[in-house]
Amino acid sequence: MTSDAEPLVRYAVDRGIATLTLDSPANRNALSSRLVAELEQGLAEAGKDPAVRAVVLTHTGGTFCSGADLSEATGGDPTANPRRLVTAMRSLVESPKPVVAVIDGHARAGGLGLLGACDIVLAGPASTFAFTEVRLGLAPAVISLPLLPRLDPRGASRWYLTGSVFKTGEAQRIGLVTEAAENPQEALTEILEAFRKASPQGLAETKRLVTAEVLRVFERDGESMVAQSALLFGSEEAREGMLSFLERRPPVWAAE
């Protein structure tokens with residue numbers, strides 16, 4: 001088990017690229033309060049470092065991010081987790097440095113919100129994706145802030161409503177990932193070399209252009225999505241859904 005002394009998000013800088021590595025494999029890089037705080041701290045460091053040209057967000061283990069930490073979600077303030085995730089996603093969108101997610105593992109629920117908030121997403125062949133909220137009595141509310149402006153509407157309906165697992169080719173088709181890469185590290189090298197040739201001002205101002213609509217959605221819908229998520233997290237169906245997940249059994253409302 002990871003000790004409190006070990007970071008859950010590792011930060012390193014090399015040749016002008018800051019790499020943030022989600023490193024909490026024991027709970028599949030779930031979005032605990034501590035992991036999110038360390039992610040935001042790393043983004044802030046990269047953002048103020050003039051030597052950093054871009055940020056890479058990646059992971060250890062077979063899961064990029066499993067979404068909310070349900071051990072925290074089952075008690076306390078129901079707005080805490082959705083607000084935490086909104087803050088983390090907005091930090092990615094608002095970072096003055098372009099953020100490239102590189103994944104070769106599973107992404108679920110809130111983990112897809114992180115991907116939606118990144119500027120470029122490279123996904124390897126081991127990657128799988130699912131909006132699992134519908135199976136827990138929840139809805140992908142706050143993660144829709146960065147995702148719906150970027151996703152194909154029919155694709156969003158298909159995968160939001162079923163909660164089924166899909167792979168990299170479909171993720172690229174609907175706009176969840178930029179490139180379904182057989183070798184994501186090779187694809188990353190090409191992108192990072194392009195960033196190193198770009199001016200810091202050019203990158204920052206161009207990112208402002210391509211994220212403007214996403215930020216407008218955060219401004220317009222952020223509070224209502226937090227409220228909806230909190231309402232659902234506090235519901236009887238969601239409590240049963242999360243408890244059944246933790247107990248590895250079907251929820252009582254699942255039909256045969």
Side-chain angles (χ1 to χ4, degrees), residues 22 25 27-31 57-59 61-71 73-74 81-82 85 88-89 101-118 120-182 184 217 221 225 228-229 231-233 235-256:
L22 306 185
N27 69 349
R28 299 166 67 228
N29 292 321
L31 295 168
L57 177 63
T58 189
H59 63 102
T63 297
F64 166 68
C65 178
S66 59
D69 186 339
L70 295 185
S71 66
T74 52
N81 275 312
L85 182 52
M89 294 186 300
V102 182
I103 81 165
D104 201 15
H106 310 303
R108 300 289 185 267
L112 301 183
L114 295 184
L115 297 182
C118 293
I120 296 172
V121 180
L122 307 174
S127 302
T128 68
F129 310 87
F131 297 96
T132 51
E133 291 90 343
V134 71
R135 300 190 178 189
L136 297 175
L138 302 168
V142 296
I143 68 171
S144 291
L145 297 169
L147 282 170
L148 287 184
R150 290 173 162 158
L151 292 182
D152 167 72
R154 287 294 187 188
S157 293
R158 167 68 172 88
W159 302 109
Y160 268 35
L161 289 169
T162 61
S164 301
V165 174
F166 56 101
K167 295 187 178 179
T168 53
E170 176 66 2
Q172 180 175 355
R173 186 192 72 79
I174 67 172
L176 177 61
V177 308
T178 310
E179 183 177 344
E182 193 61 35
V217 173
D221 299 333
M225 291 297 97
Q228 181 187 9
S229 184
L231 184 67
L232 291 171
F233 265 104
S235 69
E236 287 298 328
E237 280 194 26
R239 278 194 285 271
E240 166 60 15
M242 289 184 283
L243 189 61
S244 67
F245 176 82
L246 293 170
E247 294 178 349
R248 300 181 182 275
R249 60 171 175 79
V252 296
W253 36 259
E256 290 296 327

Those residues at least two apart in sequence (or on a different chain) that pass side chain to side chain contact (heavy atoms under 4.5 Å, CB included) with Leu148 are Ser144, Ala156, Tyr160

Under 3.5 Å donor-acceptor, Thr58 side chain and Val102 backbone:
yes

Tell me, please, which residues at least two apart from Val217 pass side chain to side chain contact (heavy atoms under 4.5 Å, CB included).
Leu145, Pro149, Glu213, Arg220, Asp221

Quick one, Leu112 and Trp159 - any side-chain contact, counting heavy atoms below 4.5 Å?
no

Please report the shortest heavy-atom distance between Asp104 and Pro125, naming the atom on each side.
OD1-N, 3.2 Å

Please list, one pair per line, the donor and acceptor atoms closer than 3.5 Å that link side chains of residues 175-182 to other protein atoms, with sequence neighbours excluded.
{"unit_1": "Thr178", "atom_1": "OG1", "unit_2": "Val121", "atom_2": "N", "d": "2.9"}

What's the verdict on side-chain contact (heavy atoms from CB on, under 4.5 Å) for Arg135 and Phe245, showing C-alpha distance, side-chain angles and the deciding distance?
CA-CA 9 Å; Arg135 300 190 178 189; Phe245 176 82; over 6 Å; no

Show every donor-acceptor pair shorter than 3.5 Å between a side-chain atom in residues 136-143 and any protein atom, with sequence neighbours excluded, or say none if there are none.
none

Looking only at atom types and distance, does a side-chain atom of Arg108 sit under 3.5 Å from a main-chain N or O of Glu133, one as donor and one as acceptor?
no

Closest contact, heavy atoms only, Thr63 versus His106:
CG2-O, 3.4 Å

Inter-residue atom distance Arg173.CZ - Leu151.CG, 0.5 Å rounding:
10.5 Å

Starting from the C-alpha separation in whole Å, work towards a yes-or-no answer on side-chain contact (heavy atoms from CB on, under 4.5 Å) for Phe129 and Ile174.
CA-CA 12 Å; Phe129 310 87; Ile174 67 172; over 6 Å; no

Looking at every heavy atom in both Phe64 and Leu22, which two are closest together, and how far apart are they?
O-CD1, 3.4 Å

Tightest non-hydrogen contact, residues Pro146 and Gly113, listed as CG-O, 3.7 Å

Which atom of Ala130 lies closest to which atom of Ser164, heavy atoms considered:
CB-O, 3.6 Å

Could you give the distance from CG (Leu122) to CG (Leu115), rounded to the nearest 0.5 Å?
10.5 Å

Gap separating the CG atom of Asn29 from the CG atom of Leu114, nearest 0.5 angstrom:
10.0 Å

Non-hydrogen atoms of Ala109 and Gly67 that approach each other most closely:
CB-CA, 4.3 Å

What salt bridge (charged side-chain N to carboxylate O under 4.0 Å, His left out) pairs are there with at least one residue in residues 149-168, not counting sequence neighbours?
none

For the side chain of Asp69 and the backbone of Ala30, is there at least one donor-acceptor N/O pair under 3.5 Å apart?
no

Glu237: which residues meet the side chain to side chain contact (heavy atoms under 4.5 Å, CB included) condition with it, sequence neighbours left out?
Ser235, Trp253

